[in-house]
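Data block below; observations after.
The basis for the numbers below is simple: all heavy atoms, side chains too, and nothing from hydrogens, waters or symmetry mates.
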Amino acid sequence: MIKKFYYLSGLLSFCIGSILLFKQKEASQIILLGIFTPIFMSFININIIDFISTKFGHQITAGFNAVQFIIKSIFMIGMMYVGIKIMNLNIPIYIGILCLTWLIFHIIEGFYTNSLID
């Protein structure tokens with residue numbers, strides 16, 4: 001069920017961002033970088049968590065969950081740099097959307113990992 005949520009939210013954000021690309025370029029870039037990219041990264045982490053859980057067990061999965069928080073934090077810093085310095089996006093809107101999306105999907109990942117461990 002969680003993976004369906006990822007598919008739906010990722011597809012929806014990608015479609016909205018792609019449609020807006022022709023009318024409002026900055027809004028499209030904010031949606032694609034601030035919403036779609038963190039969802040995609042979180043989906044990759046969910047698949048890695050599934051793989052680690054089935055191959056190596058729950059203890060390694062819990063350790064990976066702690067390490068991936070650091071990896072995703074570095075990813076967020078990189079996304080902030082790309083959005084602000086390279087693409088010159090509106091800072092309050094972009095950072096707010098990026099952090100909110102990251103927080104929501106990080107919490108979902110935590111609950112998903114907890115359900116695998118239990």
Worksheet item: From F64 CZ over to N45 CG, what is the distance, rounded to the nearest 0.5 angstrom?
Response: 5.0 Å
Worksheet item: Would you find a donor on one side and an acceptor on the other, under 3.5 Å apart, between the side chain of S115 and the backbone of Y112?
Response: yes
Item to complete: Provide the closest heavy-atom pair for A27 versus L20 in the form atom of the first, atom of the second, distance.
Response: CB-CD1, 4.3 Å
Discussion item. Can a donor-acceptor pair be found, under 3.5 Å and without considering hydrogens, that links the side chain of S28 to the backbone of G17?
Written reply: yes
Fill in: For E26 against N88, the heavy-atom pair lying closest together
OE2-O, 4.1 Å
Worksheet, complete the sentence: Scanning both residues in full, the closest heavy-atom pair of M79 with L33 reads CE-O, 3.3 Å
Worksheet entry | Residues, nucleotides or ligands: over 12 heavy atoms within 6.0 Å of Q24 CD | no
Item to complete: Of all the heavy-atom pairs spanning S42 and Y6, show the shortest one and how long it is.
Response: OG-OH, 2.7 Å
Item to complete: Hey, could you give me the CD1/NZ distance between I44 and K72, rounded to the nearest 0.5 Å?
Response: 10.5 Å
Worksheet, complete the sentence: Distance col, row I31:CD1 vs L21:CG, nearest 0.5 angstrom, shows 10.5 Å
Item to complete: Check whether more than 12 heavy atoms from other residues, nucleotides or ligands sit under 6.0 Å from atom CZ of F75, and answer yes or no.
Response: yes
Item to complete: Measure the acute angle between the ring planes of F51 and F56, then classify it against the limits of 30° and 60° as parallel, tilted or perpendicular.
Response: perpendicular
Worksheet item: Hey, what do you get for CD (Q68) to CD1 (I46), rounding to the nearest 0.5 Å?
Response: 8.0 Å
Discussion item. My understanding is that only one of T54, I48, D50 makes a side-chain contact (heavy atoms from CB on, under 4.5 Å) with I52; could you say which?
Written reply: I48
Item to complete: Take atom NZ of K25 as the centre, draw a 6.0 Å sphere, and report whether it contains more than 12 heavy atoms from other residues, nucleotides or ligands.
Response: no
Item to complete: Working to the nearest 0.5 Å, report the span between CD1 of I108 and OG1 of T113.
Response: 11.5 Å
Item to complete: In sequence, state the C-alpha distance, the side-chain angles, and the governing distance for F105 and F5, and then conclude on ring pair (Phe, Tyr, Trp, His ring centres under 6.0 Å).
Response: CA-CA 10 Å; F105 282 92; F5 177 71; 5.7 Å; yes
Worksheet item: Is the distance between the ring centroids of F69 and W102 under 6.0 Å?
Response: yes
